[in-house]
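Notes follow the structure.
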Amino acid sequence: MGFARGGNSVAWRPTNKEWELIPSLSPLSGSPLLCHAMMASASMATCFCCSSFSPPDLAAVHSPPSPPPSRRHRRRRWSCTGGTYDHNPLLHPPPDPRFPLRLPVQDGGGSSGSRLRIFSGTANPTLAEEIACYLGLELGRIKIKRFADGELYVQLQESVRGSDVFLVQPTCPPANENLMELLIMVDACRRASAKTITAVVPYFGYARADRKMQGRESIAAKLVANLITEAGAHRVLACDLHSGQSIGYFDIPVDHVHGQPVILDYLASKTICPSDVVVVSPDVGGVARARAFAKKLSDAPLAIVDKRRLGHNQAEVMNLIGDVRGKVAVMVDDMIDTAGTMHKGAELLHREGARAVYACSTHAVLSPPAVERLSGGLFQEVIITNTVPVPPDQRFPQLTVLSVANLLGETIWRVHDDCSVSSIFQ
């Protein structure tokens with residue numbers, strides 16, 4: 001699932017007697033033409049390139065450099081495989097040589113002159129750093145602190161006037177704190193005369209309160225959408241909303257991306273016979289999600305767990321629709337909160353003769369006692385993404401965390417560049 005743009009152009013720019021090589025990709029193969037840097041001084045030049053290239057004339061070190069190629073020619077090939085949460089692309093290069101790290105994008109004076117700005121809140125700074133690294137940018141400088149009475153203070157430490165600003169802040173637990181922080185960040189950017197403000201919300205809290213199930217209930221998802229809109233956001237970028245109708249709650253454009261390609265790529269790398277796989281929906285409401293997942297997973301058969309929910313965060317499994325005997329069951333859901341649904345579903349699948357059970361979810365909220373339920377031995381592997389940060393005390397041997405940084409980074413670039421977002425998933 002990749003594409004490549006750009007020509008065979010190479011740009012050199014001097015920084016403190018160093019020449020940094022900005023590679024581009026071949027429009028046919030997508031392979032990097034040059035991937036390292038050249039050190040140049042007045043007396044010697046050493047090239048560490050993976051292919052031959054004539055170094056620039058050293059006499060031109062102090063002369064004005066040639067204009068760098070456009071942003072479009074410096075774009076990278078996108079991969080939906082982001083690696084594990086423990087892999088920090090800022091410290092270690094990605095293992096796949098086809099997808100090298102972006103070098104910092106320069107537009108007239110470095111990152112300060114860029115019209116694309118990435119700022120991070122305190123909810124998931126690691127994911128924000130990975131997104132900025134994919135885009136070849138540095139995170140914007142922002143000051144966030146809390147007063148003694150619990151109030152939040154936000155101040156941008158650099159100008160964003162006329163810039164396209166993207167604020168990375170999932171509304172994960174503590175949901176109210178992170179939501180309020182996002183609203184204040186949006187307000188700060190609006191008052192700083194940002195051209196556009198996009199709220200990048202990898203995990204959208206309150207998404208489950210999207211309809212009235214009983215009388216006198218609130219629809220908190222609509223309320224949160226109104227708050228983000230009234231704060232001054234021009235666009236929202238969300239990942240795997242709990243229900244599609246939540247998009248209609250916003251009066252501003254919403255780019256809804258899916259984390260399934262990241263999980264599908266990981267499952268494709270495992271040595272599991274496609275004929276032995278059956279995709280399981282943990283409830284009737286997730287049938288459409290599981291059917292789409294099964295279609296992309298070699299058109300695997302589908303099974304459905306019929307459950308009757310007794311109350312909030314409480315579920316009781318009744319029966320199974322479909323055959324899983326002797327199969328590898330892959331349970332697919334958009335989020336894991338207390339893991340009650342997954343736990344009871346796995347118990348049922350094992351009683352029905354499933355050979356192994358995998359749990360796949362985009363958002364891992366992991367409220368107690370989720371860790372105890374998931375690590376109890378019912379699951380061969382629990383596969384999640386890093387839309388919600390996973391602290392060290394919530395990790396266990398069966399847990400695999402994949403990164404959606406490349407996916408969100410590519411989406412941010414396409415929004416900034418006025419390109420199609422839906423074509424990523426085609």
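Numbering of residues begins at 1 and proceeds along the displayed sequence. Please read all numbers here as calculations on a predicted model, not as lab measurements.
Counting all heavy atoms, side chain and backbone alike, V186 lies closest to A233 at CG1-N, 3.3 Å. Heavy atoms only, all atoms of each residue included: I144 and E181 are closest at CD1-OE2, 3.6 Å. Annotation for R235 and I252: closest pair N-CD1, 3.8 Å, computed over non-hydrogen atoms. In terms of heavy atoms, T362 sits closest to G259 at OG1-CA, 4.3 Å. P261 approaches H258 most closely through the heavy-atom pair CD-O, 3.3 Å. For the residue pair P253 and H234, the shortest heavy atom distance occurs at CD-O, 3.4 Å.
A donor and an acceptor atom, one from each side chain of N176 and Y206, are located under 3.5 Å apart. Under the 3.5 Å distance criterion, with hydrogens and angles disregarded, a donor-acceptor pair is assigned to the side chains of T196 and D164. The closest side-chain donor-acceptor pair between S243 and D210 falls under 3.5 angstrom.
Annotation: side chain of D393 is not in contact with side chain of V371 (no heavy-atom distance under 4.5 Å). Contact check for P202 versus N124: no side-chain heavy atoms found under the 4.5 Å cut-off. Side-chain contact between S375 and Q398 is present, with at least one heavy-atom pair separated by less than 4.5 Å. At a threshold of 4.5 Å between non-hydrogen side-chain atoms, the residues R414 and S423 count as touching. Put simply, the side chain of L408 reaches to within 4.5 Å of the side chain of L127, judged on heavy atoms. Within the 4.5 Å cutoff, the side chain of Y203 has heavy atoms near those of the M335 side chain. Residues V277 and S298 fail the side-chain proximity criterion, which asks for heavy atoms closer than 4.5 Å. Counting heavy atoms from C-beta on, the side chains of P173 and V365 come closer than 4.5 Å.
A side chain to side chain contact (heavy atoms under 4.5 Å, CB included) with I383 is found for one member of I263, V262, V401, L399 and no other, namely I263.
Looking only at distances, no side-chain donor or acceptor of K327 sits under 3.5 Å from a matching main-chain atom of G353. E217 places a side-chain N or O within 3.5 Å of a backbone atom of M213 that can act as its donor or acceptor partner. H256 places no side-chain N or O within donor-acceptor distance of the main-chain N or O of G244, the cut-off being under 3.5 Å. Under the 3.5 Å distance criterion, the side-chain polar atoms of H242 are left unmatched by any main-chain donor or acceptor of A209. At distances below 3.5 Å, not a single donor-acceptor pair connects side-chain atoms of D333 with backbone N or O atoms of G286. A donor-acceptor pair is defined here as one N or O able to donate and one able to accept, closer than 3.5 Å; such a pair exists between the side chain of H363 and the backbone of D240. At distances below 3.5 Å, at least one donor-acceptor pair connects side-chain atoms of Q169 with backbone N or O atoms of N178. Of the possible polar contacts, none joining the R355 side chain to the V328 backbone as a donor-acceptor pair under 3.5 Å is found. Between the D255 side chain and the V257 main chain, no donor and acceptor come within less than 3.5 Å of each other. No donor-acceptor pair closer than 3.5 Å links the side chain of S403 to the backbone N or O of T385.
The pair D337-R208 meets the salt-bridge criterion, since a charged nitrogen lies less than 4.0 angstrom from a carboxylate oxygen.
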Could you walk me through whether T338 and R373 pass side chain to side chain contact (heavy atoms under 4.5 Å, CB included), step by step? CA-CA 8 Å; T338 61; R373 289 171 171 172; 3.7 Å; yes

Quick one: do V404 and E130 satisfy side chain to side chain contact (heavy atoms under 4.5 Å, CB included)? Show the steps, please. CA-CA 9 Å; V404 293; E130 294 180 9; over 6 Å; no

Using the side chain to side chain contact (heavy atoms under 4.5 Å, CB included) rule, take V305 and L348 through it: C-alpha gap first, then chi angles, then the decisive distance, then the call. CA-CA 8 Å; V305 175; L348 177 63; 4.2 Å; yes

Run the side chain to side chain contact (heavy atoms under 4.5 Å, CB included) check on R190 and I197 step by step: do they pass? CA-CA 7 Å; R190 178 177 64 88; I197 305 170; 3.8 Å; yes

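Once rounded to the nearest 0.5 Å, the distance linking SG of C360 with CZ of F293 reads 4.5 Å. For the atom pair L139 CG and F166 CZ, the distance stands at 13.5 Å (nearest 0.5 Å). Between the OG atom in S193 and the CZ atom in R161 there is a gap of 4.0 Å [rounded to 0.5 Å]. With rounding to the nearest 0.5 angstrom, the CD1 atom of I412 is 13.5 Å from the CG atom of D417. Between atom CD1 of residue I184 and atom CG of residue L179 there is a gap of 10.0 Å, rounded to the nearest 0.5 Å. The CD1 atom of I228 sits 12.0 Å away from the CG atom of D251 when rounded to the nearest 0.5 Å.
Applying the side-chain contact (heavy atoms from CB on, under 4.5 Å) criterion to A364, with sequence neighbours excluded, gives L366, I384.
In E230, the CD atom is not crowded: 12 or fewer heavy atoms of neighbouring residues, nucleotides or ligands sit closer than 6.0 Å. Within 6.0 Å of CZ on R211 lie no more than 12 heavy atoms contributed by other residues, nucleotides or ligands.
For the pair K222 and Y249, the cation-pi test (distance below 6.0 Å, angle within 45°) is failed.
Aromatic rings from F379 and F396 are positioned such that their centres are separated by 6.0 Å or more.
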